[in-house]
Asks: 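Structure in structure tokens, see below.
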Amino acid sequence: MCGVNMGCVCDIKKSVDEMIERVGSSVEMAIPLLQAVQSKFRYIPKEAIEHIASKTEMTETKLYGVATFYSQFRLEPVGETIIRVCHGTACHVAGAEGVTEALEKRMGIKDGETTADGKYTLESVACLGCCSLAPVVSVDGEIHAKVDRGSAVELIEEREKA
Amino acid sequence: MKNKGLKIAVGMSTCNMAAGSRKLLERLEKESLDAELSTMGCLGMCHAEPQIRVTDADGRESLYCAVNPAKLERIIKEHLRGGSPVEAWLFNANEGDGAALLTKQQRIVLRNCGRINPESIDEYLANDGYKALEMVLKQNNPSEVCETVLRSGLRGRGGAGFPTGLKWKFALKERRDKKYVICNADEGDPGAFMDRSTLESDPHAVLEGMTIQAFSTGANEGYIYCRAEYPLAVAHLKRAIAQSEERGFLGDNILGSTFSFHLHIKEGAGAFVCGEETALMASIEGERGMPRLRPPFPAQSGLFGKPTTINNVETLASVPWIIRHGAEKYAAIGTEKSKGTKVFALAGKIKRGGLVEVPMGITIREVVEEIGGGTGTHRKVKAVQMGGPSGGCIPADLLDTRIDYDEINRTGAIMGSGGMIVLDETTCMVDVARYFLGFTQLESCGKCTFCRIGTRRMLEILTRICAGDGVPEDIDELEELAVQIKNTSLCGLGQTAPNPVLTTLKYFRKEYEEHINDKKCRAGKCVNLCSYEISEACTGCTVCAHKCPVGAISGERKGQHKIDQEKCVRCGVCRDVCKFDAVKVI
């Protein structure tokens, strides 16, 4: 086992082969390929990069160069639920820092970290584009409007109960 | 079942869904009404979402705003089943708030947003969709289209304001076997969401604009580079492209002509700098999104080394309207050098936040105070932040500045992509500058030394000032760094990164000095530099005591409350929730 929930190295290789087949293997497909990997594994396993490099004309260096440039890509596993606190301008002036602070306190982790039980990852994002409903928080892609310190913590607590 | 032949449209844009529209749609789906149930995009009234529009069999339209599950039950009972609209809840465009919101707006880009179902090409076609493309293909004269767009006065809405027609002419002039067009939908400015809304609510308008862009510049392949943070926009675009291909508006021999055009979507991967055109092209090519020197300009050597025309979403969505109505009609709107309309994303301390589209030439005050209704609280507008991280803060006494590229530039801010964040006295201007530098510092691609390291030094100084450790030399150092970063950066990101600091220093220098010399933050934002006190205006309503996250507020019901300064973390929640303006910053 390689520590990935999805299975072991051979599973990763098989999935990556399918992705190369579907997306393409030319250099311009570096980003879509890494996006496909991340969408399946929720992060980019080292083995996936190695396998892409062995099957295409892209080198590991090139792939790591791209993967570390763009903020979307993660090289470490993430929690089951991803909580994203928007820190756009409108959210900032409406108290997004307080929301992150309250969530950090409730979850016992810092911004960007994953809880020890692997349940939650807390992230900051630049802007989700819902500025008139600021501050907003996205829980697994579902956006919650006009959140404050209290209601942000409630979002987690409701999930815990359910 | 009394009421038949109804049409019900539920707002299902990202903002509507954030406000809870999905539950409403699910509830309506269960109700088994004899009605056509569909969805619509964003009307721009984000302050009053979610929205539902009911069209009765006789054509009467009723728009319900800020609908919640309880309200919906009554709408179902009285209107959808009973046939009589709930009059008290109807949005009225002719008087009161509704009139204030709409009278000064003029919708060209947002013409269909919230009016049609964005997932239906037929609804787009029923609203003059693809007519402009038909006209253009019938006349079959690309250079004439470039001239029309040039005469209309349309300038790039992504922020730089370059004349669109001229850009197209440059690309058309190139005699090469292969050319590309790109739609820049990498809306990265925090605080701007007009492109998201347009793509989600009227994707075909952008596709039509792009197809005309390709025809007029001699391109036969195009890319839409869309932010990954906008999944719904991507989904709607994909569907729209498939529909257009099926109906012959995209693909080979469009509408029976000799013109062929193929379109791809590329999803961004989260890099603000990719909004810069050369970085964006590098990203499409599968590289790290780093800008390169111009010239050569994209019109000569762009994507894969071929002539490329890049336009922003809002620019492209304006094109079909211009073709259909004529350049003169568009040019009649606006000021001498800024023609047409501009969409603004109104947010921050504003009563009616959302998307507004106004003719160029009206004042910022009209947008903020009349259309947006001011702050909506007893607090006054302190400044308006325009242009995101590349822009600046325009102080309240300059609100009569007109919406015009050159007039806004003179204030030190920029038109930018159209984010307009209203700030009131609870906003610390040094903190706003720190916020933007934090953003640009993080997003700098690292290619230019001053942008990479200079923004970091500026951020450190601003963080120090906000923490109460500022020293008098800090202001001079900020100004010196600002000039160096502007002069030595390759692309727009670095060249404009110091703007938020420069404009706040220009108009709010006193606040910097108070932070540094008096160790005081008058806005009550910088926790080391302020404390809160409850004044005699306190009515003892207990709301602040309940809301205080650290239990620092005590007091009897109906008696004046008190803050325990030892426990207080200065988060400002008490001031935000107090309805009597009793919480003061000292």
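The structure presented is a predicted model; accordingly, all values stated were derived computationally and were not measured. A note on names: the letters A, B, ... follow the listed sequences, proteins ahead of strands, and every chain is numbered from 1. Atoms considered below: every heavy atom in the structure, side chains included; atoms not considered: hydrogens, waters and symmetry mates.
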Asks: Between A:G65 and B:R288, what is the shortest heavy-atom contact and its length?
Replies: O-NH1, 2.7 Å
Asks: Between B:A19, B:A228, B:S283, B:G348, which shows the greatest number of heavy-atom pairs under 4.5 Å with chain A?
Replies: B:S283
Asks: Counting only heavy atoms closer than 4.5 Å, note whether B:V273 contacts chain A via side chain, backbone, both or neither.
Replies: side chain
Asks: On a heavy-atom basis, which atom in B:M290 and which in A:F69 lie closest, and how many Å separate them?
Replies: CG-CE1, 3.8 Å
Asks: Determine whether more than 12 heavy atoms belonging to other residues, nucleotides or ligands lie under 6.0 Å from atom CD of A:E60.
Replies: yes
Asks: Taking all heavy atoms of B:G286 and all of A:A30, pick out the closest pair and write down the distance.
Replies: O-CB, 3.7 Å
Asks: Of the backbone (N, CA, C, O) and the side chain (C-beta and beyond), which part of A:A126 lies under 4.5 Å from a heavy atom of chain B, both, or neither?
Replies: both
Asks: Between B:C15 and A:L133, what is the shortest heavy-atom contact and its length?
Replies: O-CD1, 3.3 Å
Asks: Taking all atoms of both residues into account, what is the closest heavy-atom pair of B:E267 and A:Q35, and its distance?
Replies: O-NE2, 3.3 Å
Asks: I need the A:H92 NE2 to B:F439 CZ distance, nearest 0.5 Å.
Replies: 13.0 Å
Asks: Does atom CD of A:E21 have more than 12 heavy-atom neighbours from other groups under 6.0 Å away?
Replies: no
Asks: For each of B:E285, B:E229, B:R22, tally heavy-atom pairs with chain A at distances under 4.5 Å, and name the one with the top tally.
Replies: B:E285
Asks: Can you say whether A:V27 sits under 4.5 Å from chain B via the side chain, the backbone, both, or neither, judging by heavy atoms?
Replies: both
Asks: Name the region of B:F272, side chain, backbone, both or neither, that has any atom closer than 4.5 Å to a heavy atom of chain A.
Replies: neither
Asks: Is it the backbone or the side chain of B:I421 that comes under 4.5 Å from a heavy atom of chain A, or both, or neither?
Replies: side chain
Asks: Quick check for you: among A:K105, A:E142, A:H87, which has the greatest number of heavy-atom pairs under 4.5 Å with chain B?
Replies: A:H87
Asks: Mind listing the closest non-hydrogen atom pair of A:C127 and B:P190 along with its distance?
Replies: CB-CA, 3.7 Å
Asks: Which residue out of A:C86, A:A134, A:G129, A:G150 racks up the most heavy-atom pairs below 4.5 Å with chain B?
Replies: A:G129
Asks: Is there a side chain to side chain contact (heavy atoms under 4.5 Å, CB included) between A:D148 and B:K547 once you walk through the steps?
Replies: CA-CA 10 Å; A:D148 60 24; B:K547 286 280 180 181; 3.9 Å; yes
Asks: I'd like to know which of B:M17, B:K266, B:H47 tops the heavy-atom pair count under 4.5 Å against chain A.
Replies: B:K266
Asks: Please state whether the side chain, the backbone, both or neither of B:C428 comes within less than 4.5 Å of a heavy atom of chain A.
Replies: neither
Asks: When rounded to the nearest 0.5 angstrom, what distance separates CE in B:M194 from SG in A:C131?
Replies: 9.0 Å
Asks: What part of B:D195 lies closer than 4.5 angstrom to a heavy atom of chain A: side chain, backbone, both or neither?
Replies: neither
Asks: Which atoms of A:E97 are under 4.5 Å from chain B, going by heavy atoms: the side chain, the backbone, both sets, or neither?
Replies: side chain
Asks: Out of B:A269, B:P549, B:A18, B:A347, return the one with the most heavy atom pairs under 4.5 angstrom to chain A.
Replies: B:A269
Asks: Which answer fits B:R196, side chain, backbone, both or neither, if we ask what part of it has an atom under 4.5 Å from a heavy atom of chain A?
Replies: side chain
Asks: Tell me if a side-chain donor or acceptor on A:S132 pairs with a main-chain N or O of B:L346 at a distance below 3.5 Å.
Replies: yes
Asks: Report the C-alpha separation of B:F436 and A:T89 in whole Å, then their side-chain angles, then the decisive distance to 0.1 Å, and conclude whether the side chain to side chain contact (heavy atoms under 4.5 Å, CB included) test is met.
Replies: CA-CA 8 Å; B:F436 281 116; A:T89 320; 3.4 Å; yes
Asks: Using a cut-off of under 4.5 Å on heavy-atom pairs, state which of A:A90, A:A145, A:S71 scores highest against chain B.
Replies: A:S71
Asks: Any donor-acceptor pair under 3.5 Å linking the side chain of A:Y70 with the backbone of B:G268?
Replies: no
Asks: Could you have a look at B:G438, B:G353, B:S197 and say which one has the most heavy-atom pairs with chain A under 4.5 angstrom?
Replies: B:G353
Asks: Please identify, among B:R227, B:K349, B:E49, B:E187, the residue contributing the most non-hydrogen atom pairs under 4.5 Å to chain A.
Replies: B:R227
